[in-house]
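Take a look at the structure below.
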Amino acid sequence: MAAMFATALFLPLVVGDYYLQFAAKVMLLGILAMSLNLNVGFGGMVSLCHAAFFGLAGYVLVLVTPEYEAPNLVWTLLVALAVVALVAAVIGALSLRTRGIYFIMVTLAFGEMLYFLFHDTSIGGGSDGIFLYVKPLLTLGGLSIDLENPLTFYMVALVCCALSWALITHLLASPFGDSLTAARDNERRAMSLGIPVFAVRLVAFIVSAVMAGLAGYLSAAQFGFVAPQMLGWHMSAVALVMVVLGGTRKVAGPLFGAVVLVVLEDILKIYLGEQWKLVYGGVIVALVLFLPGGLQDILRLTLPQGWFRRTAPVTQPIVVGGKQ
Amino acid sequence: MDIATFAIQLLNAVQYGLVLFLVASGLTLVFGILGVINLAHGAFYMLGAYFAWWFTLATGNLFIGIVAAFVVSFLLGLLLESLFIKRLYGRDHLSQVLLSFGLILVLDKLRQIVFGRDVYSVPLPEWLSGSIQLTDLQSYPHYRVALIGFCLLVAAAIFFVINRTRIGMIVRAGAENRDMTRALGIPFDRVNRLVFAVGIALAALAGAVIAPVSTVFPGMGDSMLILSFVVVVLGGVGSVPGAAIGALLIGLIDTFGKVFLPEFAGVLIYLLMALVLLWRPTGIMGKREI
């Protein structure tokens, strides 16, 4: 993976600004999907409010930005992430009292609460969304990072993506990661071993929310616009599709899922125009029915035997407390 | 607030709660018995409204429109269950979430192709379009009274079927312990298909009866989906009485919240949900252990 990130450093030499912006967008969605997978694949928590944290950070950036002055990158980012962490702590503490179907429903409801908060009130421009006129800027000595520049933005997105991957990998290799996966596989056994399951899950929930916030902050900076759709559960569901497409058992899997899904979406939009969602929805249904292991299944079915080792079992039930 | 205003708000709250109950009872049964989380439930509330609009326009009779919406959705439910949903039994929740999300996108697009994306209104028949004069200035529409009566009838029918019939006994047993019911030789495939189709048809029925008082618009399913999820969380998965309690609570809190605390009305129901989660994470009528 590290080699791939290093190769991606040289992308600007080959392609123009349009594709750089596209690649940056894909990487931000990749961060969103990878962080979601910390919950879903490694924590066994299917959360449907992940996009709420993504959008919330974007809104915070726009709301704390003075009207005609470039916002300070460091301060606005810190404020945005702090707000996300706080909200995630409250939502997580309440939602994690439940399991399974309840957890999905409760996270969905809390996520939609944030959606309606921005959709129905005038805090952030209501249903029309709100513009960010000046992009964040950081000046350190003689060096300045201006997110207005596509090349700079691409590099920032790439570094953040690589850091997110490294952070999740590092977390999972630590005793914390072992506790998290142990709690996923058998909650009761993990508890009897003395693992503070609730606290471990809550920390994972908050960490993944903060990473989603980072992606949302950069996404708002890239497009200069935030709208309630960024927080809605459809966005969370799309992130889940990326996770399943890329496979839940590898840290970088969802990143590839994001690449494939975004490219697919663009191709469908070009060839089908208005009707792209029909096929897009059909592809998602087909993915669940025929390729439960995601892209790995395609590789496994097309490559000669032995070339590819599957890492995800066909149907891996997420077992909680000894029950499904 | 004088008596007449209070009465009107109370009737509105009850009517809202009853419609919500029709949607949520189907959802909670599908959760409880099939073990499937169906995010496309809200889409059928929306489709029901469109079906009712189309059939009412085609036949000129609102009653036929509503019945047709129910029947068509029921048949659609049978078809979807045998094509997609039955492959989800025993799969993890993640697959169920994704499959129903895919179905939402497809259904929504099909609806747009068939019915367009305009906002429609359903005309009321002559004898239902009047209103009852409460005071000099305030009145209550006949249709809303009929709506309350109709929803009460449907709710009574649901309770009767579940508590007093053989199929209801099977459904209750299935919600209590799926594996044991299957081990006793109950033909679960057929029961599953029936429960799924009825659940979806109830959501469509709710959309159909609400169509004349609200308008028929594409996004109407989404907010209803979230609300009915909150109802199920409040009441407990698989519990129809729980859904009734949750739906009426939300109807009351939302309606009176808008009167007394208009700024925070949107947040009140989520606060209620948070409180119930703190007090009883599996819902008011849910099983104690998870």
Side-chain angles (χ1 to χ4, degrees), chain A residues 40-41 44 46 48 90-91 94-106 108-113 115-117 119-121 232-234 236-238 240-241 243-245 248 274-289 292 315-321 323-324, chain B residues 27 31-32 35-37 39 83-84 87-88 90-110 112-113 222-223 225-234 236-238 263-267 269-271 273-275 277-283 286 289-290:
Chain A
V40 175
V46 181
L48 266 181
V90 174
I91 292 180
L94 284 167
S95 311
L96 285 168
R97 292 175 62 81
T98 64
R99 307 277 179 280
I101 277 184
Y102 279 99
F103 185 79
I104 298 175
M105 291 192 288
V106 172
L108 174 66
F110 280 128
E112 287 304 280
M113 179 181 82
Y115 170 82
F116 285 116
L117 185 69
H119 188 274
D120 292 348
T121 65
W233 76 268
H234 278 229
S236 301
V238 167
L240 273 179
V241 175
V243 167
V244 171
L245 196 59
T248 53
E274 274 275 277
Q275 312 305 338
W276 70 277
K277 270 201 173 164
L278 197 61
V279 178
Y280 189 74
V283 168
I284 295 173
V285 171
L287 168 73
V288 175
L289 292 182
T315 45
Q316 172 78 35
I318 292 174
V319 178
V320 171
K323 281 186 182 176
Q324 196 180 312
Chain B
L27 192 66
F31 282 150
V36 167
I37 178 163
L39 295 175
L83 282 180
F84 301 114
R87 291 165 206 271
L88 288 177
R91 293 275 298 272
D92 55 354
H93 296 321
L94 185 55
S95 313
Q96 302 170 349
V97 166
L98 290 189
L99 189 125
S100 48
F101 175 62
L103 281 182
I104 289 184
L105 297 180
V106 173
L107 287 174
D108 207 49
K109 207 69 212 179
L110 286 177
Q112 195 182 317
I113 292 170
D222 252 3
S223 54
L225 175 75
I226 309 302
L227 281 174
S228 48
F229 269 49
V230 176
V231 168
V232 174
V233 172
L234 288 179
V237 166
E263 299 260 307
F264 301 99
V267 186
I269 53 170
Y270 299 102
L271 272 181
M273 185 179 84
L275 285 177
L277 282 176
L278 284 173
W279 168 51
R280 196 174 277 188
T282 49
E289 58 153 354
I290 306 179

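A, B, ... follow the sequence lines: proteins, then strands. Residue 1 opens every chain. Keep in mind it's a predicted model, so treat the numbers as computed, not measured.
Contact annotation for Gln96(B): neither backbone nor side-chain heavy atoms come within less than 4.5 Å of a heavy atom of chain A. Heavy-atom distances place no part of Ile91(A) under 4.5 Å from chain B, backbone and side chain included. If you measure heavy-atom distances from Leu277(B) to chain A, the contacts under 4.5 Å come from both the backbone and the side chain. Contact of Val238(A) with chain B is made through backbone and side chain together, with heavy-atom distances under 4.5 Å. Interface remark: Val237(B) contributes backbone and side-chain atoms alike to the contact with chain A (heavy atom separation under 4.5 Å). For a residue to count as touching a neighbouring chain, one of its non-hydrogen atoms must lie under 4.5 Å from one of that chain's; by this rule Leu240(A) touches chain B with backbone and side chain alike. Neither the backbone nor the side chain of Ile269(B) comes within less than 4.5 Å of any heavy atom in chain A. In this structure, the portion of Val230(B) lying under 4.5 Å from any heavy atom of chain A is its side chain and not its backbone. In this structure, the portion of Leu88(B) lying under 4.5 Å from any heavy atom of chain A is its side chain and not its backbone.
Checked against a 6.0 Å centroid threshold, the rings of Phe101(B) and His234(A) count as neighbours.
Between atom CH2 of residue Trp233(A) and atom CG of residue Leu225(B) there is a gap of 6.0 Å, rounded to the nearest 0.5 Å. Rounded to the nearest 0.5 Å, atoms CG (Leu83(B)) and CG (Leu289(A)) are 9.5 Å apart. Remark: Met105(A) CE to Phe31(B) CZ distance equals 4.5 Å, nearest 0.5 Å.
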Stepwise side-chain contact (heavy atoms from CB on, under 4.5 Å) test for Val97(B) and Ile104(A): CA-CA 9 Å; Val97(B) 166; Ile104(A) 298 175; 4.0 Å; yes
Under the side-chain contact (heavy atoms from CB on, under 4.5 Å) criterion, do Asp92(B) and Val46(A) qualify, and how do the steps go? CA-CA 10 Å; Asp92(B) 55 354; Val46(A) 181; over 6 Å; no
side-chain contact (heavy atoms from CB on, under 4.5 Å) evaluation trace for Leu287(A) with Leu99(B): CA-CA 8 Å; Leu287(A) 168 73; Leu99(B) 189 125; over 6 Å; no
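Although no hydrogens or angles enter the test, the distance criterion places no donor-acceptor pair under 3.5 Å between the side chain of Lys109(B) and the main chain of Tyr280(A). In this structure a side-chain-to-backbone donor-acceptor pair under 3.5 Å is missing from Tyr270(B) to Phe110(A). With hydrogens and angles ignored, the 3.5 Å screen pairs no side-chain donor or acceptor of Arg97(A) with any backbone N or O of Pro281(B). No side-chain donor-acceptor contact under 3.5 Å links Arg87(B) to the backbone of Val288(A).
In terms of non-hydrogen atom pairs under 4.5 Å with chain A, the most contact-rich of Val267(B), Asp222(B), Leu103(B) is Asp222(B). Comparing Glu112(A), Met113(A), Glu274(A), Lys277(A) by how many heavy-atom pairs each has under 4.5 Å with chain B, the most go to Met113(A). Most heavy-atom pairs under 4.5 Å with chain B: of the set Ile284(A), Leu94(A), Ile101(A), Leu48(A), this distinction falls to Ile101(A).
In this structure, Leu105(B) and Val285(A) have side chains that are not in contact, with every pair of non-hydrogen atoms separated by 4.5 Å or more.
Taking both residues in full, the closest heavy atoms of Ser223(B) and Phe116(A) are given as CB-CZ, 4.1 Å, listed atom of the first, atom of the second, then distance.
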